[in-house]
Amino acid sequence: MNSIWELDTFYRKRDIIIIGAGFSGLWTAISIKEKYPDKFVLIIERNTIPLGASTRNAGFACFGSLTEVIADSQKMGWEKTLELVKMRFDGLQKIQHYFKNSEIDFELSGGYEIVNHEEPLSHIDAVNEKLKAITGLDQTYTLRQDKIKEFGLGKSEFLIENPCEGSLHSGKLVQKLLEKCHELKIEFLFATEVQNIEETDKVEVHLSAGLSVKADQLIYCTNAFTSKFLEKENIIPARGQVLLTEPIDGLKLKGTFHYDEGYYYFRNLGNRVLLGGGRNQDFKTEETTAFETTEFLQNHLENFLKEVILPHQNIKIALRWSGIMAMGEEKSPIVKQVSERQFCAVRLSGMGVALAPKMGEIMADMI
Ligand SMILES: Cc1cc2nc3c(=O)[nH]c(=O)nc-3n(C[C@H](O)[C@H](O)[C@H](O)COP(=O)(O)OP(=O)(O)OC[C@H]3O[C@@H](n4cnc5c(N)ncnc54)[C@H](O)[C@@H]3O)c2cc1C
């Protein structure tokens with residue numbers, strides 16, 4: 001049994017409970033507290049640190065590559081595509097507005113896409129024209145053949161540059177967001193798993209050992225782990241595997257790089273290379289919420305590293321890890337009300353760094 005002191009403080013009723021302390025939960029809490037300073041907001045996180053995708057990703061401050069924008073426009077039409085691009089662009093501006101570059105190792109070093117066939121190049125002018133209203137640039141995407149040699153990417157046919165994209169340190173960003181939450185008096189229960197929810201004239205959030213916390217409203221920021229609560233939402237878990245090399249003397253690579261419609265992504269982290277992806281080589285196995293790496297995909301990534309990024313070099317791998325993303329049939333995130341007192345801000349795909357800041361604002365307007 002709990003003491004009266006615990007029940008009156010840590011487990012007391014709040015105005016709003018958010019489940020999940022990743023980018024989505026943290027930005028949502030911040031936006032709500034900024035809009036409604038008097039509301040009591042509690043974030044419940046099942047792990048001792050946020051653990052899903054936000055501390056496991058590649059740290060691209062993602063704007064989106066040319067082929068991705070083309071593919072999105074063909075699938076969802078230009079209106080929705082531009083809405084998503086704008087959300088990411090504004091999200092990246094917001095991150096830079098809240099935190100100094102040096103605090104989160106933010107570098108606007110440019111994003112690049114390697115393309116090995118000519119077709120996408122024929123769309124560059126039309127896409128640039130569409131994006132001009134968002135980026136303010138005449139040429140958001142430019143062909144940069146000169147940089148193929150500069151970066152040592154000998155095996156690449158075409159290289160397209162996008163100056164709106166950068167890189168950052170995801171761990172430092174999560175820490176700064178936590179600091180901001182503490183400043184705003186947002187409360188936390190870490191290492192506390194939510195088991196189920198009951199909604200009446202309030203929401204009761206059931207934890208383990210017969211404990212529960214009540215609130216007026218509840219927001220799911222549980223991304224890939226949402227199906228446990230909201231079965232009907234189209235959310236498919238997608239594991240992303242990553243490797244990081246040991247430091248490499250004279251590394252030429254600088255920036256963030258996309259390959260094969262974003263299925264592979266790599267960047268420099270100082271003088272190391274961080275490489276992730278390859279999910280399309282083993283789709284079914286990677287549709288999981290298990291935090292594991294597989295020999296098959298790690299070998300595949302290592303081969304990619306040796307063939308495409310650092311040919312003829314003897315490279316040692318320092319670290320390997322995985323994180324879990326949330327995908328769906330549609331590319332857009334799900335930000336909506338699911339019942340009278342429950343809401344969700346989930347399915348951030350491979351772009352959560354840039355999407356989450358604006359999703360938080362939308363949620364603060366919705367509650
Ligand atoms: C390998 C990899 C590389 C990526 N690279 C990039 C990139 O370079 N750039 C980019 O923009 N995006 C990238 N992404 C995607 C990005 O990381 C995600 O879109 C983003 O982190 C999602 O944030 P989130 O808060 O929605 O989810 P998460 O960070 O997964 O947070 C959800 C939280 O909910 C908690 N939770 C779940 N269930 C419960 C429960 N029952 N009770 C309590 N707590 C619960 C989890 O513990 C978790 O901490 C990548 C993802 C991966 C996996």
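Whatever order the structure lists ligands and atoms in, that order sets their numbers, starting from 1. Just the heavy atoms: all of them, side chains too, but no hydrogens, waters or symmetry mates, feed the values below.
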Which ligand 1 atoms are under 4.0 Å away from a heavy-atom of [X]?
X	result
I44	43 (C), 44 (N)
N47	47 (O)
R56	1 (C), 2 (C)
G240	1 (C)
G20	33 (C), 34 (O), 35 (C)
T222	34 (O), 36 (N), 37 (C), 38 (N), 39 (C)
E193	41 (N), 42 (N)

Nearest non-hydrogen contact with [atom] belongs to which option: [options]?
atom	options	answer
atom 21 (O) of ligand 1	G52, P50, S54, G276	S54
atom 53 (C) of ligand 1	A61, P237, S170, G323	G323
atom 10 (C) of ligand 1	A238, G22, G350	G350
atom 46 (C) of ligand 1	L51, V242, N196, I19	L51
atom 19 (O) of ligand 1	S349, A21, A326	S349

Identify whether the distance between the nearest side-chain nitrogen and carboxylate oxygen of [X] and [Y] falls below 4.0 Å.
X	Y	result
K254	E150	no
E179	K176	yes
K35	D365	yes

Residue portion contacting ligand 1 (non-hydrogen atoms closer than 4.0 Å) for [X]:
X	result
I324	backbone
L26	neither
F225	side chain
T192	backbone

In the protein, which heavy atom is nearest to [atom], and how far is it?
atom	result
atom 28 (P) of ligand 1	A53 N, 3.6 Å
atom 49 (O) of ligand 1	E45 OE1, 2.6 Å
atom 44 (N) of ligand 1	R46 N, 3.1 Å
atom 27 (O) of ligand 1	N223 CB, 3.2 Å
atom 32 (C) of ligand 1	C221 O, 3.5 Å
atom 51 (C) of ligand 1	M325 CG, 3.3 Å
atom 6 (C) of ligand 1	N57 CB, 3.5 Å
atom 8 (O) of ligand 1	F60 N, 2.8 Å

**OP:** Please confirm whether F106 and F99 have ring centers closer than 6.0 angstrom.
**Re:**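 Aromatic pair excluded; centres sit 6.0 Å or further apart.
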Subject >> H300 ring center near Y264 ring center (under 6.0 Å) >> reply: yes
Residue pair [X] / [Y]: nearest heavy atoms and the distance that separates them:
X	Y	answer
S212	H206	CB-ND1, 3.9 Å
F40	R14	O-CB, 3.6 Å
I186	K33	CG1-CG, 3.4 Å

Original post:
Does ligand 1 have any atom sitting under 4.0 Å from a heavy atom of F229?
Top reply: yes
**OP:** List for me each residue that meets side-chain hydrogen bond (donor to acceptor under 3.5 Å, both in side chains) alongside K306, sequence neighbours excluded, and say none if there are none.
**Re:** none
Subject >> Same apolar cluster (I L V M F W Y, side chains within < 4.5 Å links), Y220/F343 >> reply: no
**OP:** Start with the C-alpha gap between K180 and Y98, add the side-chain angles, then the distance that decides, and say whether side chain to side chain donor-acceptor pair (under 3.5 Å) holds.
**Re:** CA-CA 9 Å; K180 183 81 196 160; Y98 270 61; over 6 Å; no
Output yes when the distance from some N or O of ligand 1 to some N or O of [X] is under 3.5 Å, and no in every other case.
X	result
Y265	no
A58	yes
F23	yes

**OP:** Dump the intermediate steps for side-chain contact (heavy atoms from CB on, under 4.5 Å) on F63 and T135, then the final yes or no.
**Re:** CA-CA 10 Å; F63 172 90; T135 64; 3.6 Å; yes
Original post:
Is it true that a side-chain atom of N280 and a backbone atom of Y263 form a donor plus acceptor pair closer than 3.5 Å?
Top reply: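 No, because the side chain of N280 does not come within donor-acceptor range (under 3.5 Å) of the backbone of Y263.
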Original post:
Which of these passes side chain to side chain donor-acceptor pair (under 3.5 Å) with E113: T256, N162, T67?
Top reply: T67
**OP:** Decide side-chain contact (heavy atoms from CB on, under 4.5 Å) for W321 and L244; before the verdict, give the C-alpha distance in whole Å, the side-chain angles of both, and the deciding distance to 0.1 Å.
**Re:** CA-CA 9 Å; W321 69 83; L244 178 72; 4.1 Å; yes
**OP:** State, without any angle test, whether Y141 and H123 hold a side-chain donor-acceptor pair at a distance under 3.5 Å.
**Re:** no
